[in-house]
Amino acid sequence: MPQAVDPRRVTEHGSEVMRLVDEIFPLVEGFYVDLHRNPELSHQEHRTSQAVAEWLSRAGYEVTTGIGGTGVVGILRNGEGPTVLLRCAMDALPLAEQTGLPYASTARGTTADGQETPIMHAAGHDAHTACLVGTADLLSSSRKHWSGTLMVVAQPGQETLDGAEAMLADGLYERFGRPDIVLTQRVGPQPAGMIAHRAGVILGMSTTVGVRIFGSPGHGGFQPQTGVDPVVIAASIITRLQTIVAREVNPSEMAVLTTGVVRAGTKADLVPDEAYLEINTRCLNERVADRIYAAIERVVKAEAAASAALREPEVTEIRRTSLIRNHAQHTRAVSSAHRAYFGDAYVIDLPEPFAVGDDFGAFGLPDDPEPVPYVMWLLGSTPHDVWSAAPGATPFDKLASVPGSHSSQFAPDREATLRAGIAALTIGALTYLGRTSGPGRATSGLAQIASSRITEDESTQSADMEALLADDDEGESTQSADMEALLADDDEGESTQSADMEALLADDDEGESTQSADMEALLADDDEGESTQSADMEALLADDDEGESTQSADMEALLADDDEGESTQSADMEALLADDEGETTQRANMAELLNDPPPPPRGPTQGPQTGPAPSFRPPSGPPLAAPPPMGPPVDAPPPPETPPHSDEPPYRY
């Protein structure tokens with residue numbers, strides 16, 4: 001099991017790595033907009049996978065395409081350490097976009113069963129993919145800050161819930177190595193920039209059932225009594241199935257049953273000889289899933305028999321995904337690192353799981369004697385103005401009211417979502433890959449993507465080997481520098497290890513913390529002696545005299561409180577631990593965080609006319625918020641209070 005790095009150390013490395021994000025962000029944003037304009041259906045992600053492979057190749061990864069169909073795997077080896085797998089999904093949905101965005105999709109395609117359909121990235125997979133390639137690039141350009149192997153996986157077919165299994169069946173772990181930890185994020189309906197964690201079950205299990213009903217053909221106007229109408233049987237089945245959840249599932253359990261596909265007939269006055277249904281169920285318990293499937297089979301066969309069908313219907317389980325059950329210990333490690341970096345106001349604990357399904361859990365090998373631990377978190381994407389305008393008196397009402405995943409009006413806040421997603425993935429990876437000691441500064445070079453990262457006379461493999469084995473431009477060995485930082489005295493005869501201890505235990509001659517001084521020595525910026533240590537650390541540890549942050553504007557938006565220089569750490573903790581009346585319930589905490597979310601990160605909204613491929617174009621205008629939903633608010637009662645990060649009794653899931 002991989003050992004997580006101390007959150008403070010992760011923040012130090014993460015802040016230095018994220019110092020480079022402004023250089024790469026316009027390219028990531030342009031990549032996202034291009035993917036949004038050009039969505040592709042499940043297992044048809046040819047253009048998307050090619051773009052991902054191209055980006056990873058330029059970033060110095062060993063890239064393999066065609067895994068499990070259209071999957072992409074990038075490997076970056078950077079010395080001894082754990083193997084961390086970062087995963088994204090690439091596919092889009094058969095849905096017509098109605099966001100009104102200037103880069104809205106007008107793409108059309110053909111489903112696996114031959115039906116023509118519009119296509120839209122209505123589940124945020126374009127954001128997942130853009131954040132993943134951006135993170136991969138940042139970590140490639142910041143190898144002094146981490147050690148180990150990074151495995152980047154762009155997965156096809158998440159919407160069909162079979163892409164992860166397809167990649168594993170194609171030898172993902174046998175060919176590229178078994179990871180020590182698997183991490184991913186999924187766009188959620190929370191306010192943009194907010195990170196939501198949950199130990200134990202975070203997403204439910206999904207089962208899709210196919211039903212084929214057999215009748216006998218006839219004419220609707222000439223002796224209709226001679227036929228057996230499968231459409232009538234199908235209608236009875238659809239109606240009766242809804243009683244399964246209402247009358248056969250314990251009210252304390254969560255279950256959803258949806259008949260999403262109904263196909264029968266070719267002409268209005270002809271009785272067809274068969275009808276076809278596809279039924280999807282969601283729940284949070286394997287026993288409930290089995291009970292619902294048995295009930296579906298019973299109802300289907302009974303309704304067919306009641307209508308004198310000449311042949312028993314066929315009931316087939318098309319696919320089933322397991323629960324997404326986050327490893328509790330690793331969830332605590334990643335969420336602690338996220339809190340240390342973002343601040344408490346931007347990281348929350350979900351009080352209950354979501355019913356949506358995902359095949360991500362397959363990467364954890366749940367049936368293996370030694371499964372692989374994994375952590376999934378939710379990345380908020382709802383524009384703050386849309387959140388504020390959404391009807392509902394509580395955050396839970398608003399969550400049910402804002403356009404969410406699989407909605408034709410799903411329009412994430414582009415910049416805030418991408419910036420937070422890149423940071424969250426980067427910090428997540430550094431939680432395991434980050435060095436526990438020793439200096440190291442991120443080497444800028446991300447802007448080279450705009451032209452070319454690999455010159456004609458240099459190969460990717462050579463660049464990787466130089467990064468690992470060769471001296472840098474000033475003639476100092478990176479490996480040697482790391483070892484010197486760990487084991488040797490510096491030029492002035494003082495022990496680095498001793499200096500670290502002094503930084504933790506003593507103040508310097510001027511009364512200032514030697515930890516700060518030590519960090520300035522490690523991370524010093526320019527000849528003027530100003531510290532490039534991130535402002536998020538300053539916000540966590542101390543206010544400066546002028547109350548101004550030295551970090552970039554986007555981190556000010558993430559961590560700073562107000563113009564009056566009040567401590568953001570104190571304010572965040574007050575928001576988490578107390579309301580105006582001094583109560584400390586979990587629902588009150590959620591209400592305070594979500595009703596008045598922090599402002600979204602700020603930064604550039606449009607990038608240069610460059611990108612990882614000539615076809616990638618920057619956004620053509622400012623982001624447009626999706627219109628508020630129509631109709632009355634949907635009731636969403638508060639969830640039961642449960643302690644965070646608990647997957648033991650009395651935690652039910």
Visitor: So among Arg87, Arg325, Arg282, which one has a salt bridge (Lys or Arg N to Asp or Glu O under 4.0 Å) with Asp358?
Guide: Arg87

Visitor: Please determine whether side chain to side chain contact (heavy atoms under 4.5 Å, CB included) holds for the pair Leu430 and Val5, giving the CA-CA distance in whole Å, both sets of side-chain angles, and the decisive distance to 0.1 Å.
Guide: CA-CA 8 Å; Leu430 290 175; Val5 181; over 6 Å; no

Visitor: Before giving the answer on side chain to side chain contact (heavy atoms under 4.5 Å, CB included), spell out for Glu40 and Thr70 the whole-Å C-alpha distance, their side-chain angles and the decisive distance to 0.1 Å.
Guide: CA-CA 11 Å; Glu40 294 174 301; Thr70 52; over 6 Å; no

Visitor: Would you confirm whether Arg319, through its side chain, and Thr160, through its main-chain N or O, come within 3.5 Å as a donor-acceptor pair?
Guide: yes

Visitor: Of the options Asp290, Leu161, Thr208, which is the one that meets Arg320 in a side-chain contact (heavy atoms from CB on, under 4.5 Å)?
Guide: Asp290

Visitor: For the ring pair Phe363 and Tyr374, is the centre-to-centre distance below 6.0 Å?
Guide: no

Visitor: At their closest point, which heavy atom of Asp359 faces which heavy atom of Ala164, and how far apart are they?
Guide: OD2-N, 3.0 Å

Visitor: Is Ser335 reaching over with its side chain to a backbone N or O of Arg332, donor-acceptor style, under 3.5 angstrom?
Guide: yes

Visitor: Considering residues, nucleotides and ligands other than Gln50, do more than 12 of their heavy atoms fall under 6.0 Å from its CD?
Guide: no

Visitor: Check the pair His128 / Thr184 against side chain to side chain contact (heavy atoms under 4.5 Å, CB included), numbers first and verdict last.
Guide: CA-CA 9 Å; His128 299 174; Thr184 195; over 6 Å; no

Visitor: Side chains of Trp55 and Thr129: does their closest heavy-atom pair fall under 4.5 Å?
Guide: no

Visitor: Is there a side-chain contact between Val52 and Phe31 (heavy atoms, below 4.5 Å)?
Guide: yes

Visitor: Treating Ser140 as the side-chain partner and Ala59 as the backbone partner, does any N or O pair qualify as donor plus acceptor under 3.5 Å?
Guide: yes

Visitor: Between the side chain of Thr11 and the main-chain N/O of Pro7, is any donor-acceptor distance below 3.5 Å?
Guide: yes

Visitor: Show the atom names and distances, to 0.1 Å, of all donor-acceptor pairs under 3.5 Å that link a side chain in residues 117-125 to residues at least two apart or in another chain.
Guide:
unit_1	atom_1	unit_2	atom_2	d
His125	ND1	Asp91	O	2.7
His125	ND1	Asp91	OD1	3.0
His125	NE2	Gln158	OE1	3.2

Visitor: Below 4.5 Å, heavy atoms only, C-beta onward: do Val28 and Cys131 meet side chain to side chain?
Guide: no

Visitor: So do the side chains of Leu378 and Phe354 get within less than 4.5 Å of each other, counting heavy atoms only?
Guide: yes

Visitor: Shortest non-hydrogen contact from Pro82 to Leu433?
Guide: O-CD2, 3.5 Å

Visitor: Between Ser206 and Asn280, do the side chains contain an N or O donor and an N or O acceptor separated by less than 3.5 Å?
Guide: yes

Visitor: Tell me whether Glu159 contacts the main-chain N or O of Ser42 through its side chain, where contact means a donor paired with an acceptor under 3.5 Å.
Guide: no

Visitor: Under 4.5 Å between any side-chain heavy atoms of Val372 and Pro179, yes or no?
Guide: yes

Visitor: Is any side-chain heavy atom of Glu45 closer than 4.5 Å to one of Val72?
Guide: no

Visitor: Report the distance from atom CD1 of Ile292 to atom CD1 of Ile279, rounding to the nearest 0.5 Å.
Guide: 11.5 Å

Visitor: CD/Glu16 to CG/Leu20 distance, rounded to the nearest 0.5 angstrom?
Guide: 7.5 Å

Visitor: Check each of Val334, Leu183, Ile324 against Met376 using the side-chain contact (heavy atoms from CB on, under 4.5 Å) test, and report the only one that passes.
Guide: Ile324

Visitor: Is there a side-chain contact between Val209 and Thr281 (heavy atoms, below 4.5 Å)?
Guide: no

Visitor: So how far is it from Ser105 OG to Leu93 CG, rounded to the nearest 0.5 Å?
Guide: 11.0 Å

Visitor: Tell me whether Asp180 contacts the main-chain N or O of Thr83 through its side chain, where contact means a donor paired with an acceptor under 3.5 Å.
Guide: yes

Visitor: Can you measure from CD1 (Ile427) to CZ (Arg339) and round to the nearest 0.5 angstrom?
Guide: 14.5 Å

Visitor: If every non-hydrogen atom of Arg186 is compared with every non-hydrogen atom of Leu203, which pair is closest and at what distance?
Guide: CD-CD1, 3.9 Å

Visitor: Determine whether Glu352 and Leu284 make a side-chain contact, defined as any pair of heavy atoms from C-beta on separated by less than 4.5 Å.
Guide: no

Visitor: Can you list every salt bridge (charged side-chain N to carboxylate O under 4.0 Å, His left out) pair that touches residues 360-372, not counting sequence neighbours?
Guide: Arg178-Asp368

Visitor: Taking Asn78 for the side chain and Arg143 for the main chain, is one N or O donor matched with an acceptor at less than 3.5 Å?
Guide: yes

Visitor: Would Asp162 and His43 count as having a side-chain donor-acceptor pair, cut-off 3.5 Å?
Guide: yes

Visitor: Can a donor-acceptor pair be found, under 3.5 Å and without considering hydrogens, that links the side chain of Asn326 to the backbone of Ile202?
Guide: no

Visitor: Let me see the working for Arg414 and Val33 under side chain to side chain contact (heavy atoms under 4.5 Å, CB included), right down to the final yes or no.
Guide: CA-CA 9 Å; Arg414 189 175 68 213; Val33 169; 3.9 Å; yes

Visitor: Applying salt bridge (charged side-chain N to carboxylate O under 4.0 Å, His left out) as the test, list every pair that has at least one member in residues 168-177; sequence neighbours left out.
Guide: Asp170-Arg175

Visitor: Roughly how far, to the nearest 0.5 Å, is the CD1 atom of Ile24 from the CE atom of Met18?
Guide: 9.5 Å

Visitor: State whether Glu54 and Arg58 are salt-bridged, where the test is any N-O pair (Lys NZ or Arg NE/NH1/NH2 against Asp/Glu carboxylate O) under 4.0 Å.
Guide: yes

Visitor: Quick check for you: to the nearest 0.5 Å, what is the distance between Tyr32 atom OH and Glu415 atom CD?
Guide: 12.5 Å

Visitor: Please report the shortest heavy-atom distance between Thr417 and Pro412, naming the atom on each side.
Guide: OG1-CB, 4.0 Å

Visitor: Testing the basics here: between Asn38 and Asp34, what is the closest heavy-atom pair and its distance to 0.1 Å?
Guide: ND2-O, 2.9 Å

Visitor: Between Gln155 (side chain) and Gly68 (backbone), is there a donor-acceptor pair under 3.5 Å?
Guide: no

Visitor: Ignoring hydrogens and angles, tell me if any N or O in the side chain of Tyr61 forms a donor-acceptor pair with the backbone of Ala136 under 3.5 Å.
Guide: yes

Visitor: For Ala333 versus Thr431, what's the shortest heavy-atom pair and its separation?
Guide: O-CG2, 4.0 Å

Visitor: Does the plane of the ring in Tyr432 sit parallel, tilted or perpendicular to the ring in His330? Use 30° and 60° as the thresholds.
Guide: tilted

